[in-house]
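Let me begin by presenting the structure, written as structure tokens, before commenting on it.
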Amino acid sequence: MLNIIYTFWITSIASELEYRLNVIVEIISLIGNIAGTIFTLFLFYQQGSNVGGWDFYSSLIIVGIYTLLEALTISILHPNLSQIVKHIQDGTLDYVLLKPINSQLWLSLRKISPWGMPSFIAGVILIFVGLSKNNIIIGNLEIIYAITAICSSFILLYSIWFILATTSIWFVKVWNINEVLRSTLVAGRYPLTAYPPSLRTIFTFVFPIAFLTTVPAQALIGTSGHQNILLSLVFSISLFIISILFWKYALRFYTSASS
Amino acid sequence: MLTIYLKKLFQFSRIIFSLFSSQYALMLEYRAEITLWAVSGLLPLIMLALWTGIENPLVNYLELNYLKRYFISAFIVRQFTAVWVMITFEEDHLDGKLSPYLLQPITPFWRYVTSHLAEQFTRIPIVVIMLIIIFSIIPYSFWLPSLSSLIFGIIAIMLAFWVRFLLHWIFCMCCFYNDRASAIERLLLIPYLFLSGLVAPLETFPEIIKKIAYITPYPYIMSFPARLLSGQDVSLFLGFTGLIGWFILLFSISIITWKIAIRHYSAMGA
């Protein structure tokens, strides 16, 4: 199976590399976005204020984690999951279902875009700057915690996105629900505690920004207890299983373009 | 002589009106989609939540009430200045739909403008419902702008839409040279996010960055109408000079670039 994914990715990278100009666009937009986010953070921290108990460099770690999620979005989630709706609209989902391979796997991992690479590097740099400015030395336990938290935040984002994309089997026209997701995700650039209490509940359980960026950052800093990490792991794996079940359930309602 | 011109103008406005009404009928079909687009413009409200939650001396200085009004106004301004012309233009160009449009006796420009205007009309009830929800969550932030600031605010929003639309339209011309030109839209979005006053009121900016921002058209298309609506003291003269100045400048550039780019156009198979 890894072999198949490897072949998928090699071919899609080859076709993406035709668009070399995109590297420049991608890098400029990355630099612009990070500069803008840091500028906004700087506005918040003017005159020594504090944002929900987080200092400036700890907030940078959150921005770093957010940028890693951006990288995942650009590389895998966006190129694949935004195509699901198109397959349903054009009726080409029939061909996907007929392939001798798990349809969810094919729909989720068929393509990869190399343009997420700059974001990935930038995210890692931001995290390291944030950590070293705070004089945090990461121990072994923190590394395990942080990797677990980041992996579960990746799985979480994937599952939410896939579940939303699946709904287009019933409502073909809601393809831009992806945009709603992406625009709400922006809230994850800032620590959860910066939001008013009522929003915090929504951002933890309804739209789990807390587990996407805040908990992984806390794991890196070492302020997160192991129950938070465990919770985010359980949360993400259960959502992943739900996404698989939901896809199977939704396929029962799929009647191809002409029937 | 004058009557001929008037007649032509009348004819032209009739064409535009019927284009608009047909686009409006089309847009009404896509109410669900437009609602989702409207929901995706929540950024100013997220920023409002952040700004009010911060223990910042600046916030006290700006007053909480003012912040609430400002960001809710920014939300309204953003709803009615949404521009996506680069994406549809690229699609039409790649699918070869642009060729028949070019053969019509009216430039495709008006087709795109009217579709945007029709979408704004469809948005009005959606935005009203969203505002009712917002005000029922934070009732004490409710305010009614004075009649004059409401009228000037609406005019400013309309002009702001035109400035933003023309800016994107000029960059649409890149589609004639590269088949993924809509990537440029992502670049245009960055100064719009960070320099227009969408994420923070311009008063909180450091002097230098404020000056840089005012060189670009962005503060005029977001901060100015939002401040007008929120009932702040703003210089009408400066704001409208900025908007009209940018409108004239971008309009003349768009005519020139269209003439140059269209010569480069070769339809599919040519």
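Scope of the values below: all heavy atoms of this structure, side chains included, with no hydrogens, waters or symmetry mates. Chain naming here is simple, since letters A, B, ... match the order of the sequence lines and numbering starts at 1 in each. Computed from a predicted model, the values in this text were never measured in an experiment.
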So, the part of A/Val25 with a heavy atom under 4.5 Å from chain B: the answer is both
Hey, is CZ on A/Phe207 packed in by over 12 heavy atoms from elsewhere, all under 6.0 Å? yes
Review point. Can you tell me if NE2 on A/His78 sees more than 12 non-hydrogen neighbours from other groups inside 6.0 Å?
Key: no
Taking a cut-off of under 4.5 angstrom between non-hydrogen atoms, the residues of residues 26-40 of chain A near chain B are A/Glu26, A/Ile28, A/Ser29, A/Gly32, A/Asn33, A/Gly36, A/Thr37, A/Phe39, A/Thr40
Notebook entry, point to check: If you count the non-hydrogen atoms of other residues, nucleotides and ligands that lie under 6.0 Å from OH in A/Tyr195, is the total more than 12?
Noted result: yes
If one checks every heavy atom of B/Leu42 against chain A at 4.5 Å, the contacting part turns out to be neither
One option among A/Leu199, A/Thr184, A/Val180 has the most heavy-atom pairs under 4.5 Å with chain B, and it is A/Val180
Within residues 206-221 of chain B, the residues sitting under 4.5 Å from chain A by heavy atom, in sequence order, are B/Pro206, B/Ile209
Tell me if the CZ atom of B/Phe121 is crowded by more than 12 foreign heavy atoms within 6.0 Å. no
- Message: Please determine whether the number of non-hydrogen atoms from other residues, nucleotides or ligands lying under 6.0 Å from atom CZ of A/Phe235 exceeds 12.
- Response: yes
Rounded to the nearest 0.5 angstrom, the CD1-CG distance for B/Ile46 and A/Leu185 is 9.5 Å
message: Are more than 12 heavy atoms, taken from residues, nucleotides or ligands other than B/Phe135, located less than 6.0 Å from that residue's CZ atom?
response: yes
Here the gap from A/Leu43 atom CG to B/Phe194 atom CZ, rounded to the nearest 0.5 Å, amounts to 10.5 Å
Cut-off 4.5 Å, heavy atoms of chain B, and the answer for A/Arg200 is neither
Taking every heavy atom of A/Pro196 against every heavy atom of B/Ala49, the minimum-distance pair comes out as CD-O, 3.6 Å
With chain A, the option among B/Ile184, B/Leu187, B/Leu43 that has the most non-hydrogen atom pairs under 4.5 Å is B/Leu187
